[in-house]
2 protein chains.
Amino acid sequence: MRIVVADCSVDYAGRLSAHLPRAKRVLMLKSDGSVLVHSDGGSYKPLNWMSPPCALTTLELEDEQHDAGIVEAWQVVHAKTGDKLIVSLFEIMSDSSHELGVDPGLIKDGVEAHLQELLADQIELVGDGHQLVRREYMTAIGPVDILARDAAGASVAIEIKRRGGIDGVEQLTRYLELMNRDPALAPVQGVFAAQEIKPQARTLAEDRGIRCLVLDYDAMRGMEDHNTLF
Amino acid sequence: MRIVVADCSVDYAGRLSAHLPRAKRVLMLKSDGSVLVHSDGGSYKPLNWMSPPCALTTLELEDEQHDAGIVEAWQVVHAKTGDKLIVSLFEIMSDSSHELGVDPGLIKDGVEAHLQELLADQIELVGDGHQLVRREYMTAIGPVDILARDAAGASVAIEIKRRGGIDGVEQLTRYLELMNRDPALAPVQGVFAAQEIKPQARTLAEDRGIRCLVLDYDAMRGMEDHNTLF
DNA sequence: TACTTAATCTCGCTC
DNA sequence: GAGCGAGGTTAAGTA
């Protein structure tokens, strides 16, 4: 990993064209050839970058570049797409390299799969007397998150999202359309469950007779812990 | 901007929980308080991070942390959500600060908006005798990319995507459903235009009577240049 | 390997 | 400020 702090301008030509006017920035050159151009603010996204696999070469300076005050120029080319990033350096404030080694990587938990697990275990949240049939119930066009039966024994197809948007409603609608053609399942009631349901999605869902269910992740997790403890 | 290269472990607790085992990494501390944890590889996305607005404080070390070899510990807390990032430093290889100033920002062109512009200018690509009514034609549920009329004067609603998937077809279907209720427009023919149309999307579109149109961006741009030149 | 879906998405625009 | 769509999306999981 090489880190350069420099007054520079950057040009990108690939799926789009982009230009960064001259300013002081941090240039991160990773050992896989990738380059990140960061400013002192914004989010984790660099102003500009080149993803691996790619290769960096130092360009020969032409007279007019030299006259313009450029002291060094890099060309970073993507190995597959040919996308090109050109960094023109006017002044280098700092240039250092560090051997980091391979990173052991991130360990994370607490995502959408967990919501499905929790709701399967607490299926009564969908309605009194509901019973789980199975998770990831396969259909011809993909798996429905949860298939259940209500107190009367009627089928209930549940689509779970962390944030419920229109896409999720469309997805559930396609499943319902298909499942309602199966005499063994029909009629199938739809339930759209999410931690947060967007107004447009709720409107669309209710217009189609799909029930909306807002999930309280913390409460469900707390319930789970409680169940585990006793 | 402060850049620290250190042997460290990182813990994040917020919308999810995540942990980074001890390893050498680059820590970028931006002046807005945000922190990025980068390894020597991967993409532009950091292994872990905290977005602004947030604040960094140096924690008092407890005896057991000291015994474990930790020489410094930071706590970065998000100002609104309360998300927390804790960095435990075991050894600091490098620690430097640089004044960068405010970045002038990225200038970009050549995205989807451009495709819409090009197709509006070259509306005859949709079919002989077609005429542009307007771009971004507003409906109650959002703007249709292009509204045109065919040679016979019938309405044509065009949805443009760079990559055409099922989502885009669903979107256009919703527009068509709404527009066909308007006597001044009905009947409205749908055209799904994209640089690349996925097979599933094409099947769904054609099943619904929506015409598919594959756009050749380079040819359209070339045509545009040609028009400008002569 | 190709495709589908989620993301601590981010970013920009509109209402 | 909230909502919605696009992204050089990126990244992870699955068929």
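Residue numbers start from 1 in every chain, and the chains themselves are labelled A, B, ... in the order their sequence lines are given, proteins ahead of strands.
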What is the nucleic acid contact for A/Tyr44, judged by heavy atoms within less than 4.0 Å: base, sugar-phosphate only, or nothing? sugar-phosphate
With a distance cut-off below 6.0 Å to the six-membered ring centre and an angular limit of 45° from the axis, does B/Arg211 pair with B/Phe192 as a cation-pi contact? no
The nucleotide from C/dT10, D/dT10, C/dT5 with an atom nearest the side chain of A/Gln171 is C/dT5
Quick check on side-chain hydrogen bond (donor to acceptor under 3.5 Å, both in side chains): which of B/Lys24, B/Arg25, B/Arg22 does B/Asp7 satisfy it with? B/Arg22
Applying side-chain hydrogen bond (donor to acceptor under 3.5 Å, both in side chains) to A/Asp11 and not counting sequence neighbours gives A/His19
With respect to the side chain of B/Ser51, which nucleotide from C/dT10, C/dT8, D/dT10 is positioned closest? C/dT10
Of the options C/dT4, D/dG1, C/dT5, whose atoms approach the side-chain atoms of A/Lys161 most closely? C/dT5
Atom pair distance, as rounded to whole Å: CZ in A/Arg202 and P in D/dA2: 18 Å
Whole Å only: how far is the CZ atom of B/Arg174 from the P atom of D/dG5? 7 Å
Check the distance between D/dG13's P and A/Leu106's CG and give it to me in whole angstrom. 11 Å
Going by an N to O cut-off under 4.0 Å, is there a salt bridge joining A/Arg208 and A/Glu177? no
Length of the line joining A/His78:NE2 and D/dT10:P, which is rounded to integer Å: 9 Å
Salt bridge flag under 4.0 Å for residues B/Arg174 and A/Glu170: yes
Close N/O contacts between protein and nucleotides 13-15 of chain C (under 3.5 Å):
none

Please report the distance separating the C1' of C/dT8 from the corresponding atom of D/dT14, rounded so that it comes out in whole Å. 24 Å
May I have the distance from B/Asp83 (atom CG) to C/dT8 (atom P), rounded to whole angstrom? 11 Å
Indicate, with a heavy-atom threshold strictly under 4.0 Å, whether A/Met50 touches base, sugar-phosphate, or nothing. base
Take A/Leu85 and B/Lys80, find for each the nucleotide of DNA chain D with the closest heavy atom, and name the residue whose nucleotide sits nearer the 5' end. B/Lys80
Nucleotide D/dG5, atom C1' - distance to CG of B/Leu115 in whole Å: 15 Å
For B/Lys45 and D/dG7, give me the distance from atom NZ to atom P, rounded to whole Å. 19 Å
Starting from P on D/dA6, measure out to CD on B/Glu117 and report it in whole angstrom. 16 Å
With no hydrogens and no angle check, is any side-chain donor or acceptor of A/Asp83 less than 3.5 Å from a backbone partner on A/His78? no
B/Glu159 has a side chain; which of C/dT8, D/dA6, C/dC9 sits nearest to it? D/dA6
Can you check side chain to side chain donor-acceptor pair (under 3.5 Å) on B/Gln171 and B/Lys161, steps first, answer last? CA-CA 11 Å; B/Gln171 194 181 338; B/Lys161 294 283 176 209; 3.2 Å; yes
